[in-house]
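The model shown is predicted, which means the values in this text are computed figures rather than measured ones. Protein chains get the first letters and strands the later ones, always in sequence-line order, with residue 1 at the start of each.
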Amino acid sequence: MVTARIEAYLRGAIDDARKAGKLPAIETANLGLEKSRLEGSDYSSTLPMRIARAVGAAPRAIAEAIVGSASDSLMLASVEVAGPGFINFVLADSWLAEQVDGILQHGPAHAVPRLGEGVRTQIEFVSINPTGPLTVGHGRIAAFGDVLARLLKAVGYDLQREYYVNDYGNQVKLLGQSIYSHYAGQLGEDVPFPLNGYKGKYVEEWAQEVAAQAGRKYLDMTEDEAVDALSIEGVARSLAMIRADLDELQIGFDNWFSENSLHQAGDVRRVIEVLHESGYVTEREGATWFSHGDSSHERENVLVKRTGETTYLASDIAYHVNKFAERKFDRVVNVMGADHHGHTARMYAAMDALDLDRSKLTFVLCQMVHVVVDGLPVKQSKRSGDFELLGQLVDEIGSDATRYFMISRAADSQMEFDVDLAKKKSDENPVHKIRYAHARISSILRRAEKAGIDFSDGDTSLLDRPQELGLIRAMLDYPEVVSAAAKSLEPHALPHYALSLASAFNSYYHVHRVISPDLQLTKARLKLAMAVRMTVAAVLGLMGISAPDEMVREEAD
RNA sequence: GCGCCCGUAGCUCAGCGGAGAGAGCACUGGUCUUCGGAACCAGGGGUCGGGGGUUCGAAUCCCUCCGGGCGCGCCA
């Protein structure tokens, strides 16, 4: 990475300045080195301004001392003091041009730092109750989690993707009761529909199918037995629907972990006992409570209900014991909807109570998605409310566009998903522009191949136009963007980067011809184009968006 | 009432302690003897919700108020 190299260079200059007695030995862990926003400067350091007070000298004087001690470097064209005390670095044109061969030879991902080498990590995401289809809101969590997983893998984490299946408890039972009610109705028996039952059309359809396939089988057993059996049936059908929706978005999991299996193994009861022995459990009002928090903010949450059934919280504590104590993950990232945020404090408290290291657990909460159709929230729209369903949305606008929009916003921000914009204006969609840039470069390379041009011996030092150097700079940002996004768990940097890279190529394309009568220049530019295509493909790959070699224009309908 | 998130261009959103505040879309005006015009270039448009504070420096940190969303012990 370029920043790492400049950082090393800057540290060398600082050391030399110290040895020469021009700078006192003060703490300089943070160099304040970042991409410069100023035109004509690539990177800048704010260090002189940060340490001015401690050093007791003017920022500019400190900057001068450091720059004065800096050695020559082939990578840098200039190192200068600017403004109130910045140190600005400008990359050398010749060095930039050389980087193209490096990208072609090793690939754009080569310079991505291995931040997570050897760290056993799990990312859990989606984990929606298996009681129905995924909504658009779930789709955001799914796309976000999937791209985050790709990012973590890209920086070297030993990663497992997991879906926690809540196949236990009231919700699942309600699903079984809902199916049972419709099923009985099909066969002329009147079984009241449960309060808060699942009203979706799919429940009726499943009941019909069960009635057609199994006849009166479930009426011949007790209602409890029937509901249990139909709960299992409903979970299986729900999971099939969920998997199908996720498949359409090219999202897969390494492991589907059953909540019920924790109960079967006795893990839930066991963890309650452990909490009890450590004094975190109280009995009151016929229920068993998890007591936590400091003395001023005592909190209590139910682990075992009056009915004797355990709660979701009890399962989830056992689940996290399983993650950390049994499976020994070094790091766990849970991606979930923001409506679960109250849950995070309880889980951290449970981690503390069980002597598990809470710093190993990170929650990422995705805010809600509001679907807009015809300029109105979907619930007020005259058109079908089915746009709240993920499958419907993907059918309408496709996996690539769905993924792009879902990950292009920070998780913290609520999101408005305008279906008409994503679909009707698809010609102007950023995602199309990026994919088109890839297809266009492919087309150029095909043309070169047809013309029999072998550019493997191209001399990249001929690349000296501002747009060419700008493109190379943009490609060198790739590892920086990837590592920053992985570190901060913020995939939304990727779509923004991809768009700027594609735009940079399109601009270049309109100013300079890749294939021209000048064979040497053509070869050099073909190398550049190839490197750009590789980089665009790499970002698209991280986002799980297809990188087509050609695109057929669709007729407007 | 308490807790978490968000108020930045007409719209959707980046930027989250540094040097004239950005992108996409929309709008206005241009560019083509087209290596794929699903393109490119230029322009207009902003008291960064209001008010205090911290700092050499605040859209960014702290406090407060206003507005919106989500949540708040026997659902998961």
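In this structure, His438(A) reaches neither bases nor backbone, as no heavy-atom distance under 4.0 Å exists between it and the strands shown. Arg435(A) comes within contact range of no nucleotide atom at all, as no heavy-atom separation falls under 4.0 Å. Counting non-hydrogen atoms under 4.0 angstrom, Thr288(A) reaches nothing in the nucleic acid. Nucleic acid contact for Asn88(A): base, since at least one base atom lies under 4.0 Å from a heavy atom of the residue. Contacts of Glu259(A) with the nucleic acid, taken as non-hydrogen atoms under 4.0 Å apart, involve only primed sugar atoms and P, OP1 or OP2. As judged by a 4.0 angstrom heavy-atom cut-off over every strand, Arg306(A) is placed among the base-contacting residues. Within the 4.0 angstrom heavy-atom criterion, base atoms lie near Ala287(A). Counting non-hydrogen atoms under 4.0 angstrom, Asn30(A) reaches nothing in the nucleic acid.
Comparing rG73(B) with rU64(B), their C1' atoms are spaced 32 Å from each other, to the whole Å. The same atom, C1', is picked in rU54(B) and in rG68(B); the two are 28 Å apart, to the nearest Å. With C1' as the reference atom, rA9(B) and rG24(B) are 12 Å apart, rounded to whole Å. Going from the P atom of rG15(B) to that of rC61(B) covers 12 Å, rounded to whole Å. When the P atom is used for both rU47(B) and rA21(B), the distance is 13 Å, rounded to whole Å. For the P atoms, the distance from rC48(B) to rG1(B) is 29 Å, rounded to whole Å. Comparing rA39(B) with rG7(B), their P atoms sit 30 Å apart, to the nearest whole Å. Comparing the same atom, P, in rC40(B) and in rU60(B) gives a spacing of 34 Å after rounding to whole Å.
Take His320(A) and apply the ring pair (Phe, Tyr, Trp, His ring centres under 6.0 Å) test, not counting sequence neighbours, and it matches no residue. Residues satisfying the ring pair (Phe, Tyr, Trp, His ring centres under 6.0 Å) test with Tyr509(A), not counting sequence neighbours, are none. His341(A) is linked by a side-chain hydrogen bond (donor to acceptor under 3.5 Å, both in side chains) to nothing, counting only residues two or more places apart in sequence or in another chain.
Of all non-hydrogen atoms in Val271(A) and Ala314(A), the two that sit nearest each other are CG1-O, 4.1 Å.
Ring planes of Tyr319(A) and Tyr164(A): parallel class, angle under 30° (limits at 30 and 60°). The aromatic rings of Tyr508(A) and His512(A) sit tilted, their planes meeting at an angle between 30° and 60°. Ring orientation note: the planes of Phe363(A) and Tyr348(A) are nearly perpendicular, at an angle over 60° on the 30°/60° scale.
The closest donor-acceptor contact from the side chain of Asn88(A) to the backbone of Ser41(A) lies at 3.5 Å or more, if one exists at all.
The nearest heavy atom of RNA chain B to Val511(A) and to Ser36(A) marks one nucleotide each, and the one closer to the 5' end goes with Ser36(A). Each of Glu300(A) and Leu365(A) was matched to the nucleotide of RNA chain B holding its nearest heavy atom; the match closer to the 5' end belongs to Leu365(A).
Looking at Asp339(A), its side chain has no donor and acceptor atom pair within 3.5 Å of the base of rA76(B). In the interface, the side chain of His341(A) is paired with the base of rG3(B) through a donor and an acceptor atom under 3.5 Å apart. Residue Ser44(A) places a side-chain atom within donor-acceptor reach of the base of rA19(B), judged by atom type and a 3.5 Å distance cut-off alone.
Out of rC35(B), rG17(B), rG73(B), the shortest distance to the side chain of Arg50(A) is found at rG17(B). For Met49(A), taking side-chain heavy atoms from C-beta onward, the closest of the listed nucleotides rG24(B), rG18(B), rC70(B) is rG18(B). Checking rA76(B), rC6(B), rA19(B) against the side-chain heavy atoms of Asp412(A) singles out rC6(B) as nearest.
The separation between Lys305(A) atom NZ and rC75(B) atom C1' is 7 Å, rounded to whole Å. The nearest whole Å value for the distance from the CG atom in Asp42(A) to the P atom in rA19(B) is 17 Å. We find that CZ of Arg513(A) is positioned 5 Å from P of rC35(B), with the value rounded to whole Å. Taking atom CD on Glu283(A) and atom C1' on rG73(B), their separation rounds to 14 Å, with Å as the unit. If you measure from atom CZ of Arg299(A) to atom C1' of rG71(B), you get 13 Å, rounded to the nearest angstrom. Look at CD on Gln171(A): it is 13 Å from P on rC74(B), rounded to the nearest Å.
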TODO: Treat primed atoms plus P, OP1 and OP2 as sugar-phosphate and everything else as base, then score nucleotides 9-15 of chain B 5' to 3': B for base contact with protein heavy atoms under 4.0 Å, S for sugar-phosphate contact only, - for none.
DONE: ---BSSS
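Side-chain contact between Ile317(A) and Met347(A) is present, with heavy atoms from C-beta onward closer than 4.5 Å. Using a 4.5 Å heavy-atom threshold, the side chains of Thr535(A) and Tyr497(A) count as touching.
For Asn506(A) and rA39(B), the shortest distance from a side-chain N or O to OP1 or OP2 is not below 4.0 Å. At the phosphate of rC41(B), OP1 or OP2 sits under 4.0 Å from a side-chain N or O atom of Ser507(A). Phosphate proximity of rA76(B) to Asn129(A): absent, as no side-chain N or O sits under 4.0 Å from OP1 or OP2. One finds no side-chain N or O of Lys433(A) lying less than 4.0 angstrom from the OP1 or OP2 phosphate oxygen of rG36(B).
Remark: the Ser456(A) side chain and the Asp454(A) side chain contain an N/O donor-acceptor pair separated by less than 3.5 Å. A side-chain N or O of Asp316(A) and one of His343(A) form a donor-acceptor pair less than 3.5 Å apart. For the 3.5 Å distance criterion, the side chains of Glu259(A) and Ser315(A) qualify, holding a donor opposite an acceptor.
Put simply, Tyr436(A) does not rest on the base of rG36(B): the two rings are not both less than 5.5 Å apart at their centres and under 30° in tilt. Remark: ring of Tyr509(A) overlaps the six-membered base ring of rC35(B) in a stacked fashion, centroids less than 5.5 Å apart, planes less than 30° apart.
Heavy atoms from other residues, nucleotides or ligands lying under 6.0 Å from NZ of Lys35(A) number more than 12.
Under a 4.0 Å N-O distance rule, the pair Asp549(A)/Arg533(A) qualifies as a salt bridge.
Taking a pair as Watson-Crick or G-U wobble with both distances under 3.5 Å, RNA chain B forms stems of 3 or more consecutive pairs at B:1-7 with B:66-72, B:10-13 with B:22-25, B:27-31 with B:39-43, B:49-53 with B:61-65.
Its glycosidic angle being more than 90° from 0, rG29(B) falls on the anti side.
Contact check of residues 439-446 of chain A against RNA chain B (heavy atom, cut-off under 4.0 Å) returns Ala439(A), Arg440(A), Ser443(A), Ile444(A).
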